[in-house]
Amino acid sequence: MNKLSKSSALVFGSVGALVLLLLTLYLVGVGHYKTRFLPGTAINGIRVGGETAEEARDTLQRAADAYVLILKGRDAAEAQIRGADLQLTYVDQGELEQIIEEQAQGTWILHVGKTENLEMQLTYALQEEVLENQLSAFSFLQPENMQAPVNAYVADDGTNYVVVPEQEGAWLEREPVKNAILHCIATGATLLDMDGAALYSVPQVRMDDPALQNHAAYMNQLATLSITYDFVDRSFTADRDEIRSWIAPDENNNCTLNSDLVAQWVYNMAYETDTFANSHLFTTHNGEQILLAPGGDYGWAMDQEATTEALLQALGQGYSGNLEPAYIFTALDRSSNDIGGTYVEVCLTEQKMYLYEDYNLKLVTPVITGGHTTGFDTPSGSVWAIDGKKYQMHFTLFDVEVEFWLPFNGDCGIHDADWRSPEEYVDPSYYLENGSHGCVNTPYDAMETVFETVEIGYPVIVYYSAEQPVGPEPTQEVAAG
């Protein structure tokens, strides 16, 4: 019994001594790592376990001296940045002491045989000018060695409009590359994959872009359209080939409907078909053809801007068929002979007025036009449109009343004149010395027929003679009456 007691006491004593030893060692470790990094500690892959803050600073500086950063890019581009060349200097911002202060020293024994890497951004001073010089020396940063990315775009392959794939290129901006290098230095990274780091400029539009695909489909639809403008005896058609000629690359290299080219086509159409204030080939009452001079205010004048806008809208909606132009001024007939079949014809030398309705001669009447010797010659040699239609008109200048008033050239118009006797209409030379102040004086009954036949906008053709359409110009201001 006494022997067993002695053995047990010896065992317990040994265990107690061991525990005391281990506890002593543990407490010594706690005290040791109170001013040192825990075992296995590394900062950005640099081992500093067991080192004081001062020793760790030296370790980090040695690592900075030996630091090498490898840059890799597209097309086998590669370069190196060396810490020694940059005179890289570690600048402690107090982070080392802070790490030691905040670490749990009591867990030091758990870190033995293990590695804990602390990833953090450290501060380094370097020779900025040296880095700039190295960047300038890198061939892959020279503009002549770089290729800018190209967006996907819609192009004409000769048959259809297709989406051309984007090109990645190999374009680097210097400043982002520099910032990436500085970040690698701060974090201790030894490889900068410029492609993986998304430093290369990238295409902004790729071939799978829905808007681009839709645009290609729209261009192909345009090439199937056909739009016609019918001018009775001639027409203008924007067919497949014409529309394709309006499609040109825009600022993004996309084949796009060019509104300027469409406007030019409309301009050409207007140039060929507008008749407003143009010369007119006219067949007189006796079958003679005369060329009326440009001037007057009768004819068609296309509103080119509105016509272009309507055409672009029709194309945008995928419309095929006939369209009507928009007009600023209109006439009676859209064919080349825009005068049509209902008009008033006045021959000054004959002192006759002819009224046509639907191409049939409805009335012939003597008239008295502007007096020549007094300088009130009636303007002649062109086509004018009737500007107004008024029943019972008072001319204040001469204090006279007329029943029917059809102005066609400012104050110059056609009207009845009850102050004229029938005898005055007999002599066709009477107007020379006893004519009006420019207006076409007309017998009442004839004037009533004219008034009831024509409307505002109907043409009035006034010519001096078949041999000389343009007569003497008035030297006095024509006045109504």
Next on the checklist: Working note: W405 + F451, criterion ring-ring contact (aromatic ring centres under 6.0 Å, His included); need CA distance, chi angles, decisive distance, verdict.
Outcome noted: CA-CA 8 Å; W405 171 234; F451 191 84; over 10 Å; no

Checklist entry - Run the side chain to side chain donor-acceptor pair (under 3.5 Å) check on E173 and S201 step by step: do they pass? => result CA-CA 8 Å; E173 294 292 342; S201 298; 4.6 Å; no

Checklist entry - So F329 and F276, ring-ring contact (aromatic ring centres under 6.0 Å, His included) or not? Walk me through it. => result CA-CA 7 Å; F329 298 106; F276 182 81; 4.3 Å; yes

Item to check | Test salt bridge (Lys or Arg N to Asp or Glu O under 4.0 Å) applied to E128 and K178, step by step | outcome: CA-CA 10 Å; E128 189 88 14; K178 177 183 175 181; 2.3 Å; yes

Item to check | Worked check of salt bridge (Lys or Arg N to Asp or Glu O under 4.0 Å) between E97 and R57 | outcome: CA-CA 10 Å; E97 286 84 353; R57 276 192 286 272; 2.9 Å; yes

Next on the checklist: Does L60 form a side chain to side chain contact (heavy atoms under 4.5 Å, CB included) with L96? I'd like the steps, not just the answer.
Outcome noted: CA-CA 11 Å; L60 291 174; L96 300 181; 4.1 Å; yes

Next on the checklist: Before you tell me yes or no, could you show the steps for E101 and K34 under salt bridge (Lys or Arg N to Asp or Glu O under 4.0 Å), namely the whole-Å CA-CA distance, both residues' side-chain angles and the distance that decides it to 0.1 Å?
Outcome noted: CA-CA 7 Å; E101 182 179 341; K34 187 174 182 179; over 6 Å; no

Checklist entry - Would Y33 and H111 satisfy ring-ring contact (aromatic ring centres under 6.0 Å, His included), going step by step from the backbone distance to the final call? => result CA-CA 11 Å; Y33 288 108; H111 290 264; 8.9 Å; no

Next on the checklist: Could you go through D156 and R244, starting from their C-alpha distance and side-chain angles, then the distance that decides it, and tell me whether this counts as salt bridge (Lys or Arg N to Asp or Glu O under 4.0 Å)?
Outcome noted: CA-CA 9 Å; D156 184 357; R244 284 179 72 90; 2.7 Å; yes

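Checking side-chain atoms of T237 against main-chain N and O of S235 turns up no donor-acceptor pair under 3.5 Å. In terms of modelled atom types and a separation under 3.5 Å, the side chain of Q264 and the main chain of V262 share no donor-acceptor contact. Under the 3.5 Å distance criterion, the side-chain polar atoms of T52 are matched with a main-chain donor or acceptor of E55. Under the 3.5 Å distance criterion, the side-chain polar atoms of Q127 are left unmatched by any main-chain donor or acceptor of D85. In this structure, the side chain of Q121 does not engage the main chain of T187 through any donor-acceptor pair within 3.5 Å. A donor-acceptor contact shorter than 3.5 Å is absent between the side chain of D75 and the backbone of A77. The backbone N or O of P249 sits nowhere less than 3.5 Å from a side-chain atom of T256 that would complete a donor-acceptor pair. Between the side chain of K389 and the backbone N or O of V454 there is at least one donor-acceptor pair closer than 3.5 Å. Between the side chain of S226 and the main chain of S320, no donor-acceptor pair closer than 3.5 Å is present. Using a distance-only test at 3.5 Å, with no hydrogens or angles considered, no donor-acceptor pair links the side chain of Q304 to the main chain of Y327.
The distance between the ring centers of H215 and Y161 does not fall below 6.0 angstrom.
Here the rule is side chain to side chain contact (heavy atoms under 4.5 Å, CB included) with T308, and of D260, V266, D303 only V266 fits it.
Inter-residue side-chain proximity for P379 and N409 is flagged as met; some heavy-atom pair is nearer than 4.5 Å. Between L225 and R240 there is no side-chain heavy-atom pair separated by less than 4.5 Å. For the pair L141/V177, a side-chain contact is recorded, criterion being any heavy-atom separation below 4.5 Å from C-beta on. Under the 4.5 Å side-chain criterion, counting only non-hydrogen atoms from C-beta, Y229 is in contact with T307. A 4.5 Å side-chain heavy-atom check between T59 and E51 finds at least one atom pair inside the cut-off. Between E78 and I70, the closest side-chain pair of non-hydrogen atoms falls below 4.5 Å. At least one side-chain heavy atom of P39 sits less than 4.5 Å from a side-chain heavy atom of V112. By the 4.5 Å heavy-atom criterion applied to side chains, I81 and L131 are counted as neighbours.
Side-chain contact check for Y67 and R62: no donor-acceptor pair (N or O, by modelled atom type) lies under 3.5 Å. E272 and N268 share no donor-acceptor pair across their side chains, judged by distance under 3.5 Å alone. Side-chain atoms of H280 and D338 form a donor-acceptor pair, as typed in the model, at a separation below 3.5 Å. With 3.5 Å as the limit, one finds a donor-acceptor pair spanning the side chains of D333 and S335. Judged by distance alone, the side chains of R47 and T41 never bring a donor and an acceptor atom under 3.5 Å apart. With 3.5 Å as the limit, one finds a donor-acceptor pair spanning the side chains of Q98 and E102. A donor-acceptor pair shorter than 3.5 Å can be found between the side chains of D233 and S336. One side chain, Q147 or Q167, offers a donor N or O that lies under 3.5 Å from an acceptor on the other.
Residue-environment remark: CD (Q289) exceeds the threshold of 12 foreign heavy atoms within 6.0 Å. Atom CD of Q142 sits in a crowded spot, with more than 12 heavy atoms from other residues, nucleotides or ligands closer than 6.0 Å. When the shell of 6.0 Å around CD of E305 is examined, it contains 12 or fewer heavy atoms from other residues, nucleotides or ligands. Crowding of E132 atom CD: a count of heavy atoms from other residues, nucleotides or ligands under 6.0 Å exceeding 12. Dense packing is recorded around CD of E242, with more than 12 heavy atoms of other residues, nucleotides or ligands lying under 6.0 Å away. Residue Q80 places its CD atom among more than 12 non-hydrogen atoms of other residues, nucleotides or ligands, all under 6.0 Å distant.
Considering every non-hydrogen atom in both V154 and M219, the closest pair reads CG1-CG, 4.3 Å. Heavy atoms only, all atoms of each residue included: V163 and A152 are closest at CG1-CB, 4.4 Å. Contact detail for G457 and Y298: the closest heavy-atom pair is O-CE1, 3.4 Å. Contact detail for L69 and L191: the closest heavy-atom pair is CD1-N, 3.6 Å. Between I290 and P469 the shortest heavy-atom distance is CB-CG, 4.2 Å. Of all non-hydrogen atoms in Q204 and N151, the two that sit nearest each other are N-OD1, 2.6 Å.
The structure places CZ of F408 at 7.5 Å from SG of C439, a figure rounded to the nearest 0.5 Å. In this structure, T107 OG1 and Q105 CD are separated by 8.0 Å, a value rounded to the nearest 0.5 Å. The CD1 atom of I227 lies 7.0 Å from the OH atom of Y319; values are rounded to the nearest 0.5 Å.
The aromatic rings of F282 and Y343 sit perpendicular to each other, their planes meeting at more than 60°, with 30° as the lower class boundary. Between F138 and F140, the angle of the ring planes stays under 30°, which puts this pair in the parallel group of the 30/60° scheme.
The pair E168-R206 counts as a salt bridge, with a side-chain nitrogen and a carboxylate oxygen less than 4.0 angstrom apart.
Cation-pi check for R74 over Y200 is met; the charged atom lies under 6.0 angstrom from the ring centroid and within 45 degrees of its normal.
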